[in-house]
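Below is one structure, written out as structure tokens; the observations come after it.
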Amino acid sequence: MTETKETTASEVRVRFAPSPTGYLHVGGARTALFNWLFARKRRGTMILRIEDTDAERNKPELVTGIIEGLKWLGVDWDEGPFYQSQRTEFYREMGRKVLASGHAFLCYCPPEKYVGGDHAEEGAESVKVRKITRCTCREGKPSTPGTKPAVRFKVPVGGTTKFYDAVFGEREFSNDEIEDFVLLRSGKESEEFGQAMYQMSVVADDIDMRITHVIRGADHISNTPKQVLLYRALGAEPPIFAHVPLILGPDKSRLSKRHGATDVNMYRREGFLPEAFRNFLALLGWSPGGDEEYLRTSDLLEKFSLEGVSRTNGVFDRAKLEWFNTQYLQKLPIEDLLPEVEARLKEDGLWKDEWAAGAGHEWFSRTVDLLRPRVRLLPDFSSWSRAFFSDEFAIDPAAKAKFWKDEKVPGLLAKLADALGALTEWNHDACDHASRKVAEEGGVKAGLLINATRVAIVGQAVAPPLFDTMVVLGQERVVRRLRDALKEWK
RNA sequence: GCCGCUAUGGUGCAACGGUUAGCACGUAGCCCUUUCAAGGCUAAAAUACGGGUUCGAUUCCCGUUAGCGGUACCA
């Protein structure tokens with residue numbers, strides 16, 4: 001049914017199968033990343049499948065956000081996106097097939113009345129233990145004749161179901177612990193059956209799409225035996241599973257909105273570099289085995305393996321993510337960084353086209369290079385470093401208070417403006433000498449003048465080394481800003 | 001409740017029977033100095049607990065505890 005390219009039996013085929021009931025959260029993003037790394041490393045095929053079989057909870061518009069997030073992360077796919085909502089008849093057919101083969105039965109119990117499962121008794125005093133029970137429909141005796149039936153899988157009595165997990169190893173579950181799960185919902189009105197349930201549609205698709213490795217969150221471990229049973233009932237060989245541990249919040253509970261940003265697109269908006277985010281994510285629950293941490297995508301591709309995936313849930317540590325971002329900001333080849341900064345400046349209305357090529361581009365490159373060691377997030381280029389890209393910038397009151405409190409400052413700045421304005425050469429050393437001379441003549445330590453000057457020309461207490469800053473800003477601008485600063489004392 | 005998984009500093013990972021238990025983030029302190037949100041150095045900080053197995057356990061086994069997951073006509 002699905003159109004796929006010809007593949008050899010040994011080719012790896014994986015899929016990322018998000019459900020559009022929310023945005024792309026970091027846990028899903030990491031699952032996607034692991035699938036992608038595995039597929040690319042093994043020269044296999046990556047498939048994107050949207051699991052939207054729950055009409056009640058799905059919001060189609062969320063798919064756009066998920067795809068956007070994946071693209072930002074650099075996760076691409078070879079087939080899809082496939083939408084399960086468009087394959088409902090296929091799942092129904094598969095469900096009927098299971099039914100026809102005797103591996104399923106028609107269940108007439110209303111959902112609330114179903115006796116299977118082992119839900120804890122809600123009762124106040126004693127908590128009664130309920131073993132899994134099998135309803136009478138299973139034996140062909142409809143419990144509530146006249147209602148529309150659902151299709152339930154007929155879990156074997158006794159025995160165990162095993163599967164191999166590349167992360168957790170050989171797993172074995174007792175069949176008596178598995179309830180007769182629903183394959184097809186009961187139909188509405190004239191329908192014979194309703195929409196397929198998750199277990200039915202994943203297995204049907206994974207067989208149809210010839211998935212070889214199912215890499216997904218560890219929250220699916222207990223679903224797996226059900227799926228294995230389904231594979232067998234359909235006469236198919238189960239794939240290799242690889243369950244990756246979950247991502248937790250700082251309080252060790254499952255990561256959720258109340259822990260702050262969990263939407264991958266939030267990190268894009270906040271100004272993280274995708275490659276830094278990817279590096280951070282890859283190391284949460286996976287390790288190459290050694291101590292290296294700065295792993296660019298090519299390194300991840302080279303080193304990734306399912307064996308390196310950890311079995312323990314991990315806490316999402318934003319501080320470390322930020323550290324990774326500073327590492328990338330500092331170490332990335334400048335030409336890889338420039339486009340990111342450019343996009344940011346454009347977004348913030350600070351971009352000038354003259355920086356796109358030629359001398360302007362060279363200036364832009366030098367300036368970004370000068371700024372990068374002190375920047376943490378992309379937006380810092382247009383906020384903290386605004387004075388480098390625009391003449392309209394504010395002077396930080398705290399910086400003023402700290403470095404302009406000496407009464408000699410205005411006089412010194414005026415003298416400096418004259419001295420710098422008179423320079424015929426404009427470079428680091430010329431600025432350095434001129435400034436120190438002014439300080440000396442004014443009878444103050446060079447630091448006093450230097451700090452005061454920094455505040456005047458960039459408006460911040462923290463900035464790159466002053467004379468490098470002057471060179472980049474240019475003579476005319478520096479002198480003008482010094483003169484402008486003088487107005488602050490009037 | 002029941003079933004399952006997991007357990008190394010605050011956090012992420014190393015050590016896959018023998019190490020003074022390693023690295024990184026974060027934290028604290030020091031240095032550099034022209035600022036620090038840059039750089040350098042140092043420090044504090046861990047094998048959850050109790051039993052085994054073994055000449056020897058972080059590592060293997062059992063129990064306890066804790067956390068997490070599942071227990072839907074959700075995915």
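Here the structure is a predicted model, which means the values were calculated and not measured. Every chain is numbered from 1, with letters handed out A, B, ... down the list of sequences.
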(request) Report the base-pairing partner of B:A15 (Watson-Crick or G-U wobble, both distances below 3.5 angstrom), or none. (result) none
(request) Pick the C1' atom in B:A45 and in B:A28, then give their distance to the nearest Å. (result) 11 Å
(message) Under 3.5 Å for both donor-acceptor distances, Watson-Crick or wobble: does B:C68 have a partner, and if so which one?
(response) B:G4
(request) Write down the distance separating the C1' atoms in B:C62 and B:A57, rounded off to the nearest Å. (result) 15 Å
(message) In whole Å, I'd like the distance from the CH2 atom of A:Trp404 to the P atom of B:U34.
(response) 21 Å
(request) Identify, between A:Asn451 and A:Arg311, the residue whose nearest nucleotide on RNA chain B lies closer to the 5' end. (result) A:Arg311
(request) Consider the side chain of A:Ser287, meaning its heavy atoms from C-beta on, and name the nucleotide among B:C74, B:U34, B:A14 that approaches it most closely. (result) B:A14
(request) Grab the CG-P distance between A:Asn279 and B:G12 for me, whole Å please. (result) 17 Å
(message) Looking at B:C49, which nucleotide sits across from it as a Watson-Crick or G-U wobble partner, both distances under 3.5 angstrom, or is there none?
(response) B:G63
Grab the N/O contacts between the protein and nucleotides 19-22 of chain B below 3.5 Å, and write none if there aren't any.
residue: B:G22; atom: N2; partner: A:Asp291; partner atom: OD1; Å: 3.3

(message) Expressed as a whole number of angstroms, how long is the span from A:Arg386:CZ to B:A37:C1'?
(response) 19 Å
(message) Quiz question: by atom type and distance under 3.5 Å, do the side chains of A:Asp251 and A:His259 form a donor-acceptor pair?
(response) yes
(request) Could you please name the option among B:C25, B:A37, B:G70 that lies closest to any side-chain atom of A:Asp380? (result) B:A37
(request) Would you kindly check whether a donor in the side chain of A:Asn223 faces an acceptor in the base of B:A75, or vice versa, at under 3.5 angstrom? (result) yes
(request) Pick the C1' atom in B:C49 and in B:A7, then give their distance to the nearest Å. (result) 11 Å
(message) Is it the case that the base of B:C36 and the side chain of A:Arg374 share a donor-acceptor contact (distance under 3.5 Å, atom types as modelled)?
(response) yes
(message) Can you measure A:Phe388 atom CZ to B:U35 atom C1' for me and round it to whole angstrom units?
(response) 12 Å
(message) Measuring from the side chain of A:Arg254 (C-beta onward, heavy atoms only), which nucleotide among B:A37, B:C73, B:G70 has the closest atom?
(response) B:G70
(request) Between A:Leu321 and A:Glu172, just flag the one whose closest nucleotide in RNA chain B comes earlier from the 5' side. (result) A:Glu172
(request) Output yes when a side-chain donor or acceptor of A:Asn451 lies under 3.5 Å from a complementary backbone atom of A:Gly447, and no otherwise. (result) yes
(message) Does this structure show an ion pair linking A:Lys331 with A:Glu275, if we count only N-O contacts that are shorter than 4.0 Å?
(response) no
(request) Tell me which nucleotide among B:G70, B:A14, B:C36 gets nearest to the side chain of A:Lys402. (result) B:C36
(message) Using the C1' atom as the point on both nucleotides, what is the distance between B:U58 and B:U8, in whole Å?
(response) 7 Å
(message) Treating A:Trp286 as the side-chain partner and A:Val244 as the backbone partner, does any N or O pair qualify as donor plus acceptor under 3.5 Å?
(response) no
(message) Any carboxylate oxygen within less than 4.0 angstrom of a Lys/Arg side-chain nitrogen, looking at A:Glu292 and A:Lys303?
(response) yes
(request) Find the distance between OH (A:Tyr108) and SG (A:Cys135) and round it off to the nearest 0.5 Å. (result) 11.0 Å
(request) Compare the minimum distances between each of B:A38, B:A24, B:U71 and the side chain of A:Arg376, then state the nucleotide with the smallest one. (result) B:A38
(request) Name the closest nucleotide to the A:Arg454 side chain, picking from B:A38, B:G70, B:U34. (result) B:U34
(request) Write down the distance between CD (A:Glu292) and C1' (B:C25), rounded to a whole number of angstrom. (result) 17 Å
(message) For the P atoms, the ones on B:A66 and on B:C30, what distance do you get once it is rounded to whole angstrom?
(response) 43 Å
(request) Could you check how far CD of A:Glu179 sits from P of B:G4, rounded to whole Å? (result) 15 Å
(message) In whole Å, measure the gap between the P atoms of B:A38 and B:G63 for me.
(response) 50 Å
(request) Take atom P in B:A21 and the same atom in B:C36, then report the distance between them in whole Å. (result) 39 Å
(request) Verify the ring-centre separation between A:Tyr294 and A:Tyr328: is it less than 6.0 angstrom? (result) yes
(request) Figure out the CZ/C1' separation between A:Arg216 and B:A75, and round it to whole Å. (result) 11 Å
(request) Among B:G10, B:G69, B:A37, find the nucleotide with the atom closest to the side chain of A:Leu246. (result) B:G69
(message) Checking contacts here: which listed nucleotide (B:C73, B:A38, B:G70) is nearest the side-chain heavy atoms of A:Ser186?
(response) B:C73
(request) May I ask you to decide if A:Phe193's main-chain N or O and A:Arg92's side chain share a donor-acceptor pair within less than 3.5 Å? (result) yes
(message) Measuring from the side chain of A:Val315 (C-beta onward, heavy atoms only), which nucleotide among B:G12, B:U34, B:A75 has the closest atom?
(response) B:G12
(message) Distance check, C1' atoms only: B:G26 and B:A44, in whole angstrom units.
(response) 13 Å
(message) Heavy atoms from C-beta onward define the side chain here; which of B:G4, B:G70, B:C73 lies closest to that of A:Arg171?
(response) B:G4
